[in-house]
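Data first, discussion second: the structure below is written as structure tokens.
Both backbone and side-chain heavy atoms feed into the values below; hydrogens, waters and symmetry mates do not. Computed from a prediction, not measured in an experiment: that's the story for all the values here.
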Amino acid sequence: TINVINANGHKHGLWLNFYENDEIQEKKYYDSGRFLGGTSFDQNGNDLHIVSDYSDGIITFHSDTLQTK
């Protein structure tokens, strides 16, 4: 199950947004409305290694880093 609103009206669990070509645009995780993290993807499915969320006038960014050899 994705994109769940819990009994208190808050986002909970895994949330997915899609491009028009059905590729995943964003994958976000919430715990009772609190944004925990995730990632975003380009239209070809490549991980962009960053995701943001906007709630109650606050923008939150999460990013990971790629380690290169």
Side-chain angles (χ1 to χ4, degrees):
T1 303
I2 61 170
N3 299 1
V4 172
I5 300 288
N6 67 17
N8 295 321
H10 300 289
K11 292 180 179 179
H12 191 78
L14 174 62
W15 276 66
L16 299 177
N17 294 314
F18 296 90
Y19 288 107
E20 289 182 14
N21 67 358
D22 294 328
E23 289 290 333
I24 295 174
Q25 180 180 19
E26 294 179 314
K27 183 184 291 187
K28 297 180 180 182
Y29 297 93
Y30 295 88
D31 182 17
S32 294
R34 187 169 59 97
F35 176 55
L36 300 176
T39 195
S40 58
F41 303 90
D42 67 18
Q43 291 187 6
N44 295 316
N46 299 311
D47 187 343
L48 297 175
H49 303 283
I50 189 165
V51 69
S52 64
D53 190 63
Y54 180 81
S55 180
D56 298 325
I58 298 171
I59 297 174
T60 306
F61 286 95
H62 286 266
S63 66
D64 60 8
T65 57
L66 293 175
Q67 295 185 5
T68 57
K69 294 182 179 182

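- Residues L36 and Y30 have side chains not in contact (no heavy-atom distance under 4.5 Å, counting atoms from C-beta outward).
- Proximity of H49 to S63: side-chain heavy atoms (C-beta onward) are nowhere separated by under 4.5 Å.
- Atom CD1 of I2 is separated from atom NZ of K27 by 10.5 Å, given to the nearest 0.5 angstrom.
- With values rounded to the nearest 0.5 angstrom, R34 atom CZ is found 15.0 Å from K11 atom NZ.
- Side-chain atoms of D42 come within 3.5 Å of backbone N or O of N44 as a donor-acceptor pair.
- Atoms CG and CD1, from L48 and I50 in turn, are 8.5 Å apart once rounded to the nearest 0.5 Å.
- Side-chain atoms of N21 come within 3.5 Å of backbone atoms of E23 as a donor-acceptor pair (strictly under, hydrogens ignored).
- Taking each heavy atom of Y29 and G38 in turn, the nearest pair found is CD1-CA, 4.2 Å.
- Every residue two or more places apart in sequence or in another chain that forms a salt bridge (Lys or Arg N to Asp or Glu O under 4.0 Å) with K28 is listed here: E26, D53.
- Follow the hydrophobic side-chain contacts under 4.5 Å out from L14 and you reach F41 in the same cluster.
- Rounding to the nearest 0.5 Å gives a distance of 11.0 Å between OG1 of T60 and OH of Y54.
- Here N8 pairs with N6, H10 under the side chain to side chain contact (heavy atoms under 4.5 Å, CB included) rule; sequence neighbours left out.
- The side-chain heavy atoms of W15 and I5, taken from C-beta on, include a pair separated by under 4.5 Å.
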